[in-house]
**Q** 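Pasting a structure here, questions to come.
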Amino acid sequence: MSGNEVIAEVKNLRTYFHVPEGVVRAVDGVDLVIKPGRTLGVVGESGCGKSVTALSLMRLVPSPGRIEGGEIIYYQSVRETSASSLSDIIDITRLKPNSREIRAIRGNHISMVFQEPMAAMLPVRTVGSQIMEAITLHQNVSHQEARERAIEMLARVNLPNPDRIVDNYPFQLSGGMRQRAVIAMALSCNPHLLIADEPTTALDVTTEAQILDLMRKLQADYNMAIMFITHNLGVIAEMADEVAVMYLGKVVEQTDIRSIFINPLHPYTQALLRSIPQLDDVMTRSGERRQLHTIKGMVPDPYTVLKGCPFHPRCPHFMSEVCDQVVPEVIEAEPDHIVRCHLYAPSPEEAQTRKEAML
Amino acid sequence: MSKTTFLGKFFGHGEAVEAEVQHEEAFYRAGQWQLVWWKFKRHRLAQVSMAVLAVFYFVAIFAEFLSPHDPMRRFQGRLAHPPTAIHIRDTQGRFRAPFIYGTEQGRDPVTFRPIHVADPDSIHPIRLLVRGDPYRFWGLFPTDVHLFGTAGEDAMPIYILGTDSIGRDVLSRIFYGGRISLSIGLVGIAISFVLGLLLGGISGFFGGAIDDVIQRVIEVLTTLPQIPLWMALAAALPREWPQLRIYFATTLILSIFGWTGLARIVRGRLLSMREEDFVLAARLDGESEWTIIVRYMLPGFASYIIISLTGSLPGMILGETALSFLGIGLNPPTISWGVMLQQAQNIMNVAHFPWVLWPVPVVVIAVLMFNFVGDGLRDAADPYMS
Amino acid sequence: MLAYIIRRILRAFPQIILISILTFIIIQLPPGDLVTQQILNLQASGVEVSQQHAEMLMRQYGLDRPMHERYLLWIGNIVTRFDFGYSYAWQKPVAEVIMDRMGYTFAIALLSAILTWVVAIPVGIFVAVKQYSITDYFVTFMTFIGMAVPGFFLAMVIMYVALTRFGIRVGGLFSPEYMVQPWSWGKFLDLLSNLWLPVVLLGIGGTAGTIRTMRAMMLDELRKLYVTVARAKGLSETQILVRYPVRVAINPIISGLMWLLPWLFSGGLLVEIVLNLPTAGPALYSALLAQDMHMAGAYILIVGALTIVSAIFSDILLAVSDPRIRFGAVEGA
């Protein structure tokens, strides 16, 4: 690694889906910073745009989705294995989709692991051939070397008998084994950044813990950055160094892992944390069950654009005439702790003047 | 989000929220058939096709009244008459109500073949509801009123699509032929339906050796070439049989392949449904096996049945056309589109009076329409679509 | 794998026996039997047939024996001596009439099948990739037309157009000058110049159907996660297509080998008759017009057997292409 503090930076990213019913603003002005050797957790309910952000990073947004604006800066460090002629700083949003340049980044510099291990591999080709494919594509190695590397990778992800599994078909592996194989595939070219999109959601709890352990270990081995996407705050607590909370295409709060759990600022984050079931919370002393906390209301219709703060219809601290009128700015409420909420605006008067300025 | 998108597509967003709520309520309350129908209505092409087919069947049902002539009548001296052009302007350039010119038989100066020459002085207006060849409507009411034609004893008869080699009106024959050609598919799927339900039911219900035998027979039938087998069976029909019996025998022959797909579906569904909780519940309620099948299990896969049957309909129509065209199976005096095409077997006939090929586009359109409807139904009834 | 192949071949035997029984039943269908027909024919042509002669004929054909013995005799003759019986319509043994002709019929069917795959598979893939484009709508519409217009309809229209517009009589497999000549390079070229029309006519329906299957399969597969995963690996779009969705989408086409053959023989029969080719179809047709069922029996039996063989072939190919089938069979689900 060169002395770069930052490996990738997402600035004001906007990815929209143009469907007959209207425009879905799946990602609407997202800023993220990803640092080498660190894990950035991205949390939010389904439909908040966290997966689309991840896909945007690799230019994999499916049609009819399109990156409408913003930048994704990738700070490439010099690496011996890379044969590409990329410059050091690349704006990924400016690359043509499926161009040679973006393909040289995919799987090589940035890799991705998806939610469904059962569907991530083609059933009719061997696990080995699907791993070797990435290796031979990005590295100048022979078939035999690629095969050895694939077996080595399978061993690294703690799969038993890797020299046998390399010739197995995906349907011959269990879900947990398959996710290990998928991770081996993603890591086969030593990526600088691994995007993990709910990699353990489809697995049972024991397997989940094993996979998370494995990912932490591999991260330490390779000093790679991980962007870990999940809706599960428990998993975030285990994995992430920093957390970005997303709601309706926007990052509403971003800070380090301790602050988010100890001192959550955004009402949405607070509500999310309250909705985690806890033992003493679920059971009262008398043994009767208490109701779980839920966030009132539902994620609104994706086609409508809400005025003001997108969370205002569900917010317990809703301030009429402010929250439903003015889009909250990013506020650094505490050092390294940013939040998008009017509650933390310097003063209510200023919020008021902003509103008047807009009208 | 996929569910929201689906609903959004379904009802078209942007309507008032209340209407939406009602819609969604209706959506969850709707029965299987309503859902299928709603989806089907979104399939534009299938709907248009349905309308075209409705017109086809309408014409076939009211063929006596709609056709200008008796389909059996041979017009002496007007053999292989070309289609009579309909004019609205006479030779002096005056506009008048639609009319046709009378024709005289002449000889081609080069080939000496008989031809029909239009006589510009003989003008015959086309009238609605004219008296023509007598017929019995649906074999019941004697009358001689036709929807359109030329009036009077000496009037030039109208041949919209010409006449065939022995002077019969092609249009009238196409109208009447629809009765056989369009009904044979329906009767065929009715037979296929009974056979498929029965044999598939037996297969799935009893299992064991009977199931084995039926499954092997189905396997073998799918490996046999359809048309040669149809031909062989149709050729074996005794020639002296009456028309009606030949018709039903032909339908039966055409159904020989149609039932296999249905039987497979019925068997498969029966086998899988036997394990379902609601069947067990019904059994615990003391319902008889028959009631369980008919009341509880059948409605569950009625849509599959319909799709499978619509799918085999075009094949039957084409099969009838092919067999009759070859003169195996249906034969004159029966009128069907295939029988009409027997005249096209001789290429010289086609070269000199190509209008005997008219049943070709008619059959193609009918088959195309059935394919579109089948496709629309399949899309609409597919439970895995959303 | 070997066990799978052996099991698959063993499963074919009862099928072939069942087909032969069905065929035998068809042969027995028409009222009156072969001998009675022949006697009637002989009498019609003025020959006195004595009771002795008739009985001799009956014995010759085994008509005095019970049904199952006659079946065994019939199938025995086919298996041991390749004797499919005697066609009184052709006044020749069936095998003699049908064998050469079957060769042409088979060649046409095979060429049509190849044409079908060569055209339909790439087109199907292309329109799936370009879903909702003008090309997609156009091709989809054309496939509907292609499936609704049987080859023999097109044959009639083409013959009509060729005759009236260009004065050419389409039909047959050889030009008159080569008809009776022995085989030569020129005759072969002449055959090819006449062969393409039935091959194309026959291929249209199958091509339309295969395009539809391929398109639907590809659309299903293109939505699968493994395509995105492959893209995330950095593969190019072409590499992804060939190495991933096509590998799965091709499977129904491989298993379709089985139905394609009887289908081509069916459609081919009518095209052959309309184009009046010296193939098995028209021979069968003229025999059937005289209710000569032995010819039909031979035709159905041969095509049925060929289909079963091709079904074995396609199942083996499928097992090679799809390991799930291979291992499913071994592990015995």
Side-chain angles (χ1 to χ4, degrees), chain B residues 45 49 212-213 216-217 219-241 256-257 314-315 317-319 321-323 325-328 341 344-345 347-352 354 356-357 359-361 363-372 375 384, chain C residues 14-16 18-19 21-23 26-31 141 144-145 147-150 152-153 156-157 159-160 163-164 169-171 258-259 261-270 273-274 276 281 284-285 287-293 295-297 299-300 303-308 310-311:
Chain B
L45 201 55
S49 308
D212 247 24
V213 170
R216 291 297 88 72
V217 169
E219 252 172 43
V220 162
L221 276 179
T222 48
T223 61
L224 289 178
Q226 283 202 5
I227 289 173
L229 191 70
W230 279 343
M231 278 172 71
L233 291 174
L237 296 178
R239 300 283 150 84
E240 63 277 6
W241 274 13
I256 268 195
F257 292 99
I317 292 178
L318 286 175
T321 310
L323 289 185
F325 164 71
L326 294 176
I328 303 174
L341 280 176
Q345 271 206 20
I347 187 63
M348 294 318 285
N349 270 359
V350 180
H352 292 132
V356 296
L357 282 181
V360 168
V363 171
V364 168
I365 290 171
V367 169
L368 199 58
M369 297 299 115
F370 272 117
N371 280 342
F372 283 142
D375 213 52
Y384 305 108
Chain C
Q15 290 181 334
I16 291 201
L18 207 57
I19 286 188
I21 293 173
L22 278 180
T23 311
I26 290 168
I27 293 178
Q28 303 300 319
L29 272 182
F141 188 74
F144 268 109
I145 305 264
M147 291 199 312
V149 183
F152 78 101
F153 276 12
M156 288 198 283
V157 173
M159 284 171 84
Y160 164 69
L163 189 63
T164 52
R169 284 201 79 141
V170 180
M258 196 196 112
W259 60 256
L261 202 70
W263 197 89
L264 286 173
F265 273 94
S266 269
L269 186 53
L270 292 157
I273 291 169
V274 171
N276 194 21
L284 170 70
Y285 176 45
L288 280 180
L289 283 180
Q291 288 197 327
D292 173 1
M293 303 304 284
M295 196 76 155
Y299 190 93
I300 290 168
V303 175
L306 279 174
T307 309
I308 285 176
S310 74

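Below, each value reflects all heavy atoms present in this structure, side chains not excepted, and no hydrogens, waters or symmetry copies. Residue numbers begin at 1 in each chain, while the letters A, B, ... track the order of the sequences.
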**Q** In terms of heavy-atom pairs under 4.5 Å with chain C, which of B/L229, B/L357, B/V217 leads?
**A** B/L229
**Q** Under 4.5 Å between any side-chain heavy atoms of B/P228 and C/L284, yes or no?
**A** yes
**Q** Counting heavy-atom pairs closer than 4.5 Å to chain C, which one of B/L233, B/V350, B/I317 comes out on top?
**A** B/V350
**Q** Counting only heavy atoms closer than 4.5 Å, note whether C/L288 contacts chain B via side chain, backbone, both or neither.
**A** both
**Q** Which answer fits C/I145, side chain, backbone, both or neither, if we ask what part of it has an atom under 4.5 Å from a heavy atom of chain B?
**A** both
**Q** For the residue pair C/Q15 and B/V220, what are the closest heavy atoms and their distance?
**A** O-CG2, 3.6 Å
**Q** Please classify the contact between B/L368 and chain C as side chain, backbone, both or neither, with a heavy-atom cut-off of under 4.5 Å.
**A** both
**Q** Examine whether an atom of C/M159 lies under 4.5 Å from a heavy atom of chain B, and if so say whether it belongs to the side chain, the backbone or both; otherwise answer neither.
**A** both
**Q** When rounded to the nearest 0.5 angstrom, what is the spacing between NE2 in B/H352 and CG in C/L163?
**A** 8.0 Å
**Q** Kindly indicate whether the side chain of B/V367, heavy atoms from C-beta on, has any atom under 4.5 Å from the side chain of C/M147.
**A** no
**Q** Please classify the contact between C/I273 and chain B as side chain, backbone, both or neither, with a heavy-atom cut-off of under 4.5 Å.
**A** side chain
**Q** Which answer fits B/F372, side chain, backbone, both or neither, if we ask what part of it has an atom under 4.5 Å from a heavy atom of chain C?
**A** both
**Q** Non-hydrogen atoms of chain B under 4.5 Å away: do they reach the side chain of C/Y285, the backbone, both or neither?
**A** both
**Q** With respect to chain C, which residue among B/T321, B/I328, B/L45, B/I365 yields the maximal number of heavy-atom pairs within a distance under 4.5 Å?
**A** B/I328
**Q** With a 4.5 angstrom heavy-atom cut-off, which part of C/L289 approaches chain B: side chain, backbone, both or neither?
**A** both
**Q** With a 4.5 Å cut-off on heavy-atom pairs, point out which of B/L221, B/L326, B/L341, B/T222 contacts chain C the most.
**A** B/L326
**Q** Pick one of side chain, backbone, both or neither for B/Q226, based on which atoms fall under 4.5 Å of a heavy atom in chain C.
**A** both
**Q** Before you tell me yes or no, could you show the steps for C/M156 and B/F325 under side-chain contact (heavy atoms from CB on, under 4.5 Å), namely the whole-Å CA-CA distance, both residues' side-chain angles and the distance that decides it to 0.1 Å?
**A** CA-CA 12 Å; C/M156 288 198 283; B/F325 164 71; 3.8 Å; yes
**Q** Which bit of C/I300 is near chain B, if near means a heavy-atom gap under 4.5 Å: side chain, backbone, both or neither?
**A** both
**Q** Using a 4.5 angstrom heavy-atom cutoff, name the option from B/A235, B/P361, B/A344 with the most pairs to chain C.
**A** B/A235
**Q** Between C/F153, C/F152, C/F265, which has the largest tally of heavy atom pairs under 4.5 Å with chain B?
**A** C/F153
**Q** Would you confirm whether B/T223, through its side chain, and C/T307, through its main-chain N or O, come within 3.5 Å as a donor-acceptor pair?
**A** no
**Q** For C/V149, which atoms come within 4.5 Å of any heavy atom of chain B: side chain, backbone, both, or neither?
**A** both
